[in-house]
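I have placed the structure first, in the form of structure tokens, so that the comments after it can refer back to it.
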Amino acid sequence: MSTELDCDVAVIGAGPAGLAAATALRQAGVNRVLVFEREPEAGGIPRHCAHPPYGVREYGRLMTGPRYARRNVAAAEAAGVDIRTRHTVVALHPGGGLDLATPDGALRVTARRVLLTTGARETPRSARLISGDRPVGVINTATLQSALYLEHFKPFEAPVIVGTELVSLSAVMSCRRAGIRPVAVIEPNPRPTARWPLTLFPRLCGIPVHLNTTLAGIEGRQRVEGVQLAGPDGSLSTLACDGVLLTGRFTSESSLARLAPHLAVDTASSGPVVDQYGRCSDPAYYAAGNVLRPIETAGWSWREGRAVAGFIAADLAYDLPGPDELVPVRVASPVKYCVPQRLVRSARPGLAELQLRVTEPVRGTLTVSDGTRPLWRASGAFLPERRIRIPLGDPAFLRAPALDIGFESPP
């Protein structure tokens with residue numbers, strides 16, 4: 001037997017984006033705001049990132065992840081947000097209906113609006129096509145940090161770290177704090193993904209960094225005993241270690257949206273399709289934070305959550321234009337994706353910019369056109385997994401039949 005519940009806004013996910021949005025909704029006068037979190041504690045990934053920097057732009061002070069998470073939870077509770085942990089949303093229905101599994105049984109929620117802030121996750125070994133046995137000691141960053149900061153044990157002593165994204169540097173810092181000594185950091189590309197000088201950090205910690213190197217296999221039956229590495233010339237070498245830490249290669253945690261036929265999902269970003277207000281293809285649903293694209297910082301997600309909350313509050317007050325006349329945003333390779341994927345023809349401001357990524361290093365001129373003429377250009381060097389922003393202030397963007405984003409071909 002299921003229990004039924006009504007609310008004005010249901011927020012799915014209690015990370016930085018969800019908690020910031022819920023707080024902003026209450027501050028905007030929205031009455032009944034519920035946050036559903038499947039974990040036993042609210043706060044999201046920062047709960048087990050026991051290092052700075054968090055909170056500088058949001059709260060004007062430098063914080064560790066757990067302190068930042070507690071501050072977000074406290075702000076939401078002080079604003080009157082109803083946070084329900086161990087509540088797992090299992091289905092999304094058209095118009096704002098939700099099915100949940102809770103410690104007290106099934107729950108059916110009817111919300112006037114729903115905000116998806118389910119975040120992103122790292123790609124597991126099963127999706128990376130790494131050969132070898134399945135020994136204990138192959139984990140990702142979230143599992144490492146959960147083990148260290150929530151369960152208080154070390155899963156290994158001398159791992160190999162795979163990847164050089166920002167989260168990879170966070171993993172190095174977590175290892176260093178716990179007395180774990182990584183034997184190497186490997187990166188398949190010819191340059192690190194994170195920005196210089198951050199990428200100097202592993203070397204400053206005495207950890208060798210091998211570029212143009214891939215993980216070819218994992219050795220060991222009961223536990224990890226070593227790894228096979230493929231160098232830039234294809235030659236194989238063996239490196240002794242007792243663990244493998246797979247970092248980065250994030251994908252949006254959008255399984256709920258993928259299972260909902262009424263919600264369009266962008267195969268390029270792996271997140272829900274939204275307009276400049278964060279509104280999904282079903283206008284009862286909105287999305288914010290890393291569910292829209294993998295991956296942004298906690299601070300970025302926090303600010304985006306607050307911005308989308310303002311649009312939801314306006315929508316509930318019948319002060320947001322409907323999704324009637326849409327301008328599709330199309331991208332051409334090597335542009336990987338763009339968020340938002342469509343624009344409503346309206347004078348009301350929405351998110352301040354288009355955000356995109358490229359799949360490979362590019363030096364050239366990035367162009368936005370209406371199919372016949374350029375509307376915006378920027379020249380420079382563009383690198384994978386680096387945020388590229390295109391301002392949405394030009395009214396010509398909203399008059400175009402469609403926006404095409406790509407790189408100009410050299411003459």
Side-chain angles (χ1 to χ4, degrees), residues 45 120-148 154-176 178 180-196 198-253 270 294-295 336 357-361 383-386:
I45 294 298
R121 56 182 171 80
E122 289 172 299
T123 301
R125 174 181 176 170
S126 58
R128 295 185 188 227
L129 304 179
I130 300 170
S131 65
D133 294 319
R134 294 291 185 267
V136 174
V138 182
I139 62 176
N140 60 23
T141 314
T143 303
L144 169 71
Q145 293 175 330
S146 177
L148 295 179
K154 292 193 289 185
F156 36 52
E157 295 288 345
V160 166
I161 298 177
V162 181
T164 56
E165 298 180 36
L166 277 176
V167 70
S168 314
L169 306 183
S170 174
V172 171
M173 189 177 297
S174 294
C175 287
R176 183 178 174 85
I180 297 171
R181 298 183 177 277
V183 297
V185 173
I186 66 171
E187 166 60 49
N189 294 310
R191 61 183 300 162
T193 302
R195 292 183 182 275
W196 189 92
L198 295 175
T199 50
L200 295 176
F201 181 59
R203 292 189 174 97
L204 292 175
C205 294
I207 305 170
V209 177
H210 303 293
L211 302 177
N212 282 315
T213 302
T214 58
L215 180 62
I218 298 173
E219 299 178 348
R221 292 192 175 275
Q222 299 301 319
R223 284 201 58 89
V224 174
E225 298 174 2
V227 294
Q228 276 196 333
L229 303 180
D233 60 355
S235 61
L236 294 178
S237 61
T238 300
L239 182 63
C241 61
D242 69 350
V244 176
L245 183 56
L246 303 172
T247 69
R249 290 182 57 182
F250 284 92
T251 183
S252 297
E253 186 59 270
S270 74
I295 190 171
K336 183 178 181 181
R357 297 282 199 278
V358 293
T359 58
E360 61 188 52
L383 297 174
E385 303 309 322
R386 304 286 176 85

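Hydrogens, waters and symmetry mates play no part in the numbers below; they use all other heavy atoms, side chains included. Throughout, residue positions are numbered sequentially from 1 according to the sequence presented.
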Notebook entry, point to check: Is a side-chain N or O of Thr213 found less than 3.5 angstrom from the main chain of Ile186, in a donor-acceptor match?
Noted result: no
Sequence neighbours left out, cut at 3.5 Å: what donor-acceptor pairs do the side chains of residues 215-240 make with other protein atoms?
unit_1: Arg223; atom_1: NH2; unit_2: Pro155; atom_2: O; d: 3.0
unit_1: Arg223; atom_1: NH2; unit_2: Asp242; atom_2: O; d: 3.1
unit_1: Asp233; atom_1: OD1; unit_2: Ser235; atom_2: N; d: 3.0
unit_1: Asp233; atom_1: OD1; unit_2: Ser235; atom_2: OG; d: 2.6

Once rounded to the nearest 0.5 Å, what's the spacing between atom [atom1] of [X] and atom [atom2] of [Y]?
X      : Y      : atom1 : atom2 : value
Thr164 : Leu169 : OG1   : CG    : 7.5 Å
Arg121 : Thr251 : CZ    : OG1   : 5.5 Å
Glu187 : Glu165 : CD    : CD    : 8.0 Å
Leu166 : Phe250 : CG    : CZ    : 9.5 Å
Glu122 : Leu245 : CD    : CG    : 7.5 Å

Item checked: Under the side-chain hydrogen bond (donor to acceptor under 3.5 Å, both in side chains) test, residues paired with Ser170 that sit two or more places apart ->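 Here the qualifying residues are His51, Gln145.
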Check: Is Arg249 salt-bridged to Glu385, going by a charged N under 4.0 Å from an acidic O?
Finding: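 Here Arg249 does not pair with Glu385 in a salt bridge, since their nearest N and O are not under 4.0 Å apart.
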Measure across [X] and [Y] and return the closest heavy-atom pair with its distance rounded to 0.1 Å.
X      : Y      : value
Val162 : Val244 : CG2-CG1, 4.1 Å
Arg357 : Ile295 : NH2-O, 3.4 Å
Thr193 : Pro384 : CG2-O, 4.3 Å
Leu148 : Ser174 : CD1-O, 3.7 Å
Ala171 : Thr247 : CB-CG2, 4.2 Å

Item checked: Residue pair Pro190 / Asn212, side-chain heavy-atom distance below 4.5 Å ->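 In contact.
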Next item on the list: Could you tell me which residues satisfy salt bridge (charged side-chain N to carboxylate O under 4.0 Å, His left out) with Glu157, sequence neighbours excluded, listed by chain and number?
Entry: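 Checked Glu157 against salt bridge (charged side-chain N to carboxylate O under 4.0 Å, His left out); matches are Lys154.
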Item checked: Residue among Ile180, Leu246, Ile139, Leu144 satisfying side chain to side chain contact (heavy atoms under 4.5 Å, CB included) with Pro159 -> Ile180
Next item on the list: Step through the shown structure and confirm whether more than 12 heavy atoms of other residues, nucleotides or ligands are within 6.0 Å of CZ on Arg181.
Entry: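 No.
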